[in-house]
Every structure is written in structure tokens, then in C-alpha cells.
Amino acid sequence: MTKTIKGKLTLGLFLTISIFFFITFFIANKYEKVIDNYDTLTDNVSYVEEIQLMTDTITENVVRRFADFDGVLAEDTIKLLNELTTTLEMLEESLENDSSRFIFDRLKNTIKHFDDDTRTFIFYMNEDNVSTASDYRESIIRTKEAIGSIGSDMITNELSQMSINRITLSESLSKSRTQFMLLLLVMTGLLIFSLWNINKGIVNNIKGLQNLFRAIGQGELNYVAPILKTSDEFDQLMVDANKMKNDLLELTLEKDLARLKLEEYLYVDDLTGFNTRNYLLSKYKEILDSRDNKEGYMIYFDLKRFGVINESYGFDFGDKVLSDFSFRLISSNLKRANVFRYESDEFIIVLEESNKDLVSSVIDDIISIFKNGLVVEKIIVKLSFNFGISKYDINNAKIEETINHCKMALNIAKNNQLDNVVFYENLDGSKLERQLQIELSLDRALENKEFKIVFHPIVEMKSECIRGFEALSRWNSKELGDITPDEFIPILEKSYRIHKLDMHVINEAVKMTKSLSIKFKKDFVLSCNVSTETLLSDSFIGFIVDTLSKYKYEGKFLELEITESAIITDFNKVKKITDMLRGYGVRFSEDDFGDGFSSLNYLTRLDIDTLKVSKNLVGAIGDGFNNSLLFNSILTLANDLGLETVIEGVEDKKTLDIVRQFNCSYIQGFYYYKPLSFLSLSKVLEKANNND
């Protein structure tokens, strides 16, 4: 006999199942035959009843419709006779006992006589021989009665046979029940025998295995397992358990190694080599908690316009910039500074001293290290930074709270044109909260198209007629109310979402200006502001070309306003973009001219059509001779270079009178028009058109 538990169970189950299937097959075969006979008798009774019903129907046709017999009646009766013959044949095929066949022969002969009389009756009726047909009608009635009597005899005979079958079936079921009980007894005996055979010796083996697994569970890997005196699965289980115990020793070492690798993955950034935010928020936090001095400064800084680098040169190039930047920073050995890469191009420096002079020194060192930029793949990348600083005290606040304070200060630094180093302690809390609310609402506003477009007319100096208009964006938030461009545009720029607004404004403004040009049969020059991010994006040229084509708008009536900061960010790329779009007729103007310090350097190198003189410079004209001289020099230079000029900020009659003294082309300001909605602008143009 087999020595394995599986073998013993298999043998017992095989014998039990074999006997079970043999007896079940035997019983089912007998039962099936009885059921088949019973079904056949039931069918025979149905056939006889159907024959009786058809003969009744035929007789009724003959007797009750004798007086009004017609061709339709004859056709229906012939059809019933054919069906009667078919049913008789089906009955003949199903008969199996001799007594039923004897009765069937009588029934068959009688039905043949019934069929002949009926067909003869129909013949004479069709010949209008009513007298002879009447004789056959009487014969049909008598024959129908005979058929009913014979059919009843056959039904009685079949029902009697069915009763015999029921008795046979009952006896068969009784025998089957007895056989099945015997089968259960045999099966139970086999199972008891198998279980008894298997149970022998199992208890002691289980106790030995329990002790072994208990030792493994408690970490007692030096425990010596007992030797089992069996050759079944328990013996193999003991061998496997011992092997598992030995494997656990190896796994313990591998686990420690894996934990170290996981910590390295979680806590060290592959690209920069700096510790990660995970390390800062867990391990480094523990280090700070263990120190006696739990105060210091945290510096949160990012690389300005890093998103533009990624978009212009690709993410692989951007990663190389971050890698080289980090290597240079590590090599510089910053004073007592712990550097962490928090996310993307944002880094955190933790100084373990509450010394504000040390903060300034570290920031100065970073700016100094990268003042000449980085050379990455033969491209000089100029780097500048925004800094948000906050003091921390681990005793009074969580490190996450300090990081949030730094983020708030960093966001202010990004929006501040003059100072890119901001201390959280110097900030106004209400302003911070509003800025955060604006930032959280921006994505929803862009998606729901909450930004509306207004048009600020630009007026020709001499004729005082509207030459065109500048498209501006306005935001009325459902939650925050009116939000000025000075609030939301810097946030869009620093979060690299300004291009979504720029493209929305350009698309809608071109569409609306085209409709105005058609309505008033006049071509207006549309001026649209373009941010640095939008201008330098790879998709900008295609977007402008597609927009002009979509609205059938001539490029010479679209003027894109670019700023000095866009020009100096990447002059070569800006020139390439402007040159390509000028091929489609698009005009360009330099916005806020006079605010910067290097605009004159680019005027002769960049193909500009218009200078928009800053309203800050316009407002200072009346403050002294030097300001007037500077203003006049700019206008003279623009005229000598063949450039048009737009004077911004003409808000009152006094400013207008001053500006009229100089040779300028166009003026823009509240004195003539405030920014108008599309509907208001249409009314203004319609009124001007009627006056003409």
C-alpha cells in the first residue's frame, strides 16, 4: 500500500467513487427504461384522444352543415381526414404491446371505412345528389360512434398498462433506495478505514511540527527539529520547515540590505545627489529633534524660469541643468548648510543656527557661484533664483509648517520685481492668504473660462480716430470677486500657466476684431500682450498661424506686444520667432519702453514696428527738464528708426496737452477711453461711424 497521505486518500476515494458510479448507473438505466415506457403510453393516449376529436369534428361538419354544404367545408374536411391519417400512422409507430395492436387493427379498419364514407359523401354533395349523400351521412355517424367506442377501449388498455408501469417504477425505486443505503454504508466504511489509516501517527508528528514552527515564529532559528518516523508528507514538511528556518537566516540579512537600498532610494535623489523631501520630513526631522539647539533658518529657493528651459530645450536638457547645478553647489561647500531637493527645481537649505547674517551669506554665495551661468551642452544657461526664508523652532512648530511659511515667502518673491529674497516674518498675513486663494482658484477659472476680454482703444494723435485697440484680460471670480491683473498675472507667470490665458485672449480677440472689421468695413489693428513663457514656447508660431487662418485675419493687423524681459531672456530665439511670424505679416511692439535699461541695445537688432512708451515715463515728463529731454529723445529716436509710437497713460487733459508738444503717433489712456467690453466697443464704433 502507498505510504503517502495523498495516496491513501486517493485509494479510498477511488474505490468509493467506483462503486457509487456502478450502482448509480445500474439504477439509472432501469429507471430510464420504465420512464421511457411510461412516456410512450402517455403519447399513445394523446394520439387516440386526438383521433376521437378529429372524427367528432368531421362528423359535426357533415351533420350540422349538411343543409348549407359548400366547397370550403369540403376542403376543411379533406384536410382533417389527411391529418387523421397522419395521426393514425404516428399511433401505429408507437404501439409496443400486443393487446393494444389488436385493438388498433380494429380502429384502423373502422377509420378507413369512415374516411371512404366521408370522401364519398363530399363527392355526392358536390354533384348535388343530396339523397345519396344523406345515406352516407348516416353511415358516417354510425362509424364515428364505433371509432369512439374502439378508442375508449384502447385508452383503457393503455391506462391499464400505465398503472402496471407505475407499480414497476415503485418497486424499482424501493430496490434502488435499498441499494443506495448499502452504497452509503460501503462508502462510509471505506472513508473510516482511510481516515483511521491516515490518523495513525499523525498526532505525534503534528506536535513535533508545532514545536518547530513555534521556534521559527519566536525567532529561535537555532532550534533542532525532532526526527519523524514516517515517510509521508509530514516527513517532507519537516524537511521543508528546516529549510525554511535556514532560509530565514539568509532573508534577515537580505532584508537589512533591502532596507538600506530602499532608504537610499527614498532619501537620496539620483539626479542631484541631494537628500530628498522624504529624508527632510523624517530622518532629518529626527536629527533636529535630538539636538539641544532646535532653532535655525530654512531657505526655500527655486531656479527662475526653469519651466521655460524645459519647454525650449526639452526635459533631458533640463535634467542636465539640474545635475550640473547641484554638482557645482555641492562642490562649493556652502557654510554649515544642509541642502535638500524638495521637488523639481525647488530646493531647501536648513541652517542649524538662528543667525540672520549666515542666511545672507549663504544666499550671496549661491548667487556668486552661478553669476556667470552654467555651460550645458555648449549652451550658456543663465541662472537666477527666488528665495523664501523662514525661521524655525522645532519646539513650537512642526517642520511642515515652516516649509509652508517658506513657500508663501517664495511665492511673494516670485511676484516681486525688485526683491527676490523675502522673509516670512516680514510678510502681511492677509496678503498671503489672498494670494493662496487666488492661486487655488486659477485652474478652475481657466477651465470655466471666467476670464473676460476687454478692449482699450488706441487713438491716432492728429485725427483722434480709433486706430485699433489692445486686448486685455479681466477676471471676476465667483468666490473672490474682481481680481486685478496685477494680482493674477504674476501668479500665472510663476506657475507657468500664463500661456493658457495668452492663447485664450489672442484667439477670442482675433475672432471678435474680425467681426468688428466686417461690420464696420474697416480694418482695426489688434494689439495683444504676449508673456515670455508663451513667446518662447515651441507651439507659439503654429498657434498664431492657425489662428490667422481660422478667422481669415490678415497678419498685418495683428500686433504682438513683447516685453524687454522676454527679449533679454533668449534674444536669439526671440529674433527667430519674430522673423518667422513677420513672414506672415505679423507686427511686433515693445511694451513699457523706458522702464528698463537695455532696450536701446536691442532696437537696432530686433525688427520692431512700434514702441509703447511706459506710462511711468509719461507721468514724469512734467517733473523736470531732464525727463522731458529723455522723453523727446526716445520719440526722436523712434521716428529716426521708422518706428511708430504709442504713448500710454494719458489719463487727463493736462497730460494730453504735454504729450501734444512732442512728435508721437498714437495715444492710449483713460482721457479718451477706458477698457471697454465688446458690446460697449461696438456702440462706440457705431457712434463714431454715424458721425463720419
Side-chain angles (χ1 to χ4, degrees), residues 448-476 481-485 501-530 544 546-561 584-589 591 609-613 615 618 644-657 659-660 664-692:
N448 297 337
K449 296 182 179 179
E450 291 183 8
F451 289 94
K452 305 301 180 184
I453 299 173
V454 296
F455 297 88
H456 198 181
I458 298 174
V459 178
E460 187 179 10
M461 174 70 84
K462 294 180 180 178
S463 65
E464 295 189 335
C465 294
I466 295 177
R467 170 246 197 182
F469 16 80
E470 178 183 1
L472 302 169
S473 56
R474 295 291 183 265
W475 180 18
N476 180 262
D482 286 328
I483 302 173
T484 66
L501 179 61
D502 284 347
M503 292 182 176
H504 169 70
V505 170
I506 293 173
N507 181 78
E508 295 300 311
V510 168
K511 178 172 67 174
M512 289 187 276
T513 303
K514 179 65 178 181
S515 67
L516 292 175
S517 297
I518 294 173
K519 179 179 180 179
F520 296 105
K521 297 179 182 180
K522 179 180 178 180
D523 293 315
F524 299 101
V525 176
L526 172 65
S527 181
C528 295
N529 293 282
V530 181
I544 293 297
D546 290 344
T547 302
L548 295 176
S549 174
K550 179 167 58 175
Y551 298 114
K552 296 181 175 55
Y553 197 87
E554 291 188 61
K556 64 183 179 180
F557 297 115
L558 175 63
E559 186 168 275
L560 301 178
E561 297 186 14
Y584 292 92
V586 177
R587 298 163 53 89
F588 287 89
S589 65
D591 196 16
D609 299 280
T610 306
L611 287 184
K612 296 195 72 175
V613 181
K615 61 182 179 181
V618 173
E644 295 180 349
T645 52
V646 177
I647 309 301
E648 298 181 296
V650 179
E651 313 296 338
D652 49 42
K653 184 68 166 57
K654 177 182 176 182
T655 306
L656 176 64
D657 292 338
V659 169
R660 285 187 184 278
C664 61
S665 311
Y666 305 98
I667 53 179
Q668 182 181 15
F670 284 15
Y671 178 76
Y672 283 103
Y673 300 100
K674 294 181 179 180
L676 304 170
S677 66
F678 178 74
L679 182 60
S680 298
L681 178 61
S682 298
K683 292 179 179 178
V684 167
L685 293 175
E686 188 170 354
K687 182 178 180 180
N689 192 51
N690 292 335
N691 291 336
D692 292 343

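By convention here, the first residue in the shown sequence is residue 1.
I458 CD1 to Y666 OH: the interatomic distance, rounded to the nearest 0.5 Å, is 9.5 Å. Taking OG1 from T513 and NZ from K511, the interatomic distance works out to 11.5 Å, rounded to the nearest 0.5 Å. Rounded to the nearest 0.5 Å, atoms OH (Y584) and OG (S549) are 10.0 Å apart. To the nearest 0.5 Å, atoms NZ (K550) and NZ (K514) are separated by 14.0 Å. To the nearest 0.5 angstrom, L526 atom CG is 8.5 Å from L560 atom CG. The CG atom of D657 lies 7.5 Å from the OH atom of Y671; values are rounded to the nearest 0.5 Å.
Listed by chain and residue number, K654, T655 satisfy the side chain to side chain contact (heavy atoms under 4.5 Å, CB included) test with D652 (two or more places apart in sequence, or in another chain). Residues satisfying the ring-ring contact (aromatic ring centres under 6.0 Å, His included) criterion with F469, sequence neighbours excluded, are F455, F524. Annotation: side-chain hydrogen bond (donor to acceptor under 3.5 Å, both in side chains) contacts of R587 (sequence neighbours excluded): E559, T610, E644. Every residue two or more places apart in sequence or in another chain was checked for a ring-ring contact (aromatic ring centres under 6.0 Å, His included) with F678, and none qualifies. In this structure, the side chain to side chain contact (heavy atoms under 4.5 Å, CB included) partners of K519, at least two apart in sequence or on a different chain, are S682, E686.
Between S665 and T645, the shortest heavy-atom distance links the atoms N-OG1, 3.1 Å. Residues L676 and Y673 approach most closely at CD1-CD2, 4.4 Å, considering heavy atoms. Minimum heavy-atom separation, M461 to C664: CE-SG, 2.9 Å. A471 and N529 make their closest contact through O-ND2, 4.0 Å (heavy atoms, listed as atom of the first residue, atom of the second, distance). When all heavy atoms of I453 and A509 are compared, the closest pair comes out as CD1-N, 4.0 Å. Across L548 and G555, no two heavy atoms sit closer than the pair CD1-CA, 4.0 Å.
Side-chain atoms of S515 come within 3.5 Å of backbone atoms of M512 as a donor-acceptor pair (strictly under, hydrogens ignored). Panel note: side chain H504, backbone K449; no donor-acceptor pair is recorded below 3.5 Å. Listed for the S589 side chain is no donor-acceptor partner under 3.5 Å among the backbone atoms of K612. Proximity of a side-chain donor or acceptor of S517 to a complementary backbone N or O of K522 within less than 3.5 Å is detected.
Using a 4.5 Å heavy-atom cutoff, the side chains of V650 and I647 are in contact. Between E470 and P457 there is no side-chain heavy-atom pair separated by less than 4.5 Å. No side-chain heavy atom of N476 sits less than 4.5 Å from a side-chain heavy atom of F451. At least one side-chain heavy atom of V684 sits less than 4.5 Å from a side-chain heavy atom of I466.
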Side chain to side chain contact (heavy atoms under 4.5 Å, CB included) evaluation trace for D591 with E648: CA-CA 10 Å; D591 196 16; E648 298 181 296; 3.6 Å; yes
Full working for side chain to side chain contact (heavy atoms under 4.5 Å, CB included) between L558 and Y553: CA-CA 8 Å; L558 175 63; Y553 197 87; 4.1 Å; yes
I667 vs V646, side chain to side chain contact (heavy atoms under 4.5 Å, CB included): CA-CA, chis, key distance, verdict: CA-CA 5 Å; I667 53 179; V646 177; over 6 Å; no
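The aromatic rings of F670 and H456 stand perpendicular to each other, their planes meeting at an angle above 60°, with 30° marking the opposite boundary.
Applying the salt bridge (Lys or Arg N to Asp or Glu O under 4.0 Å) test to every pair with at least one member in residues 450-465, sequence neighbours left out, gives these pairs: E464-R660.
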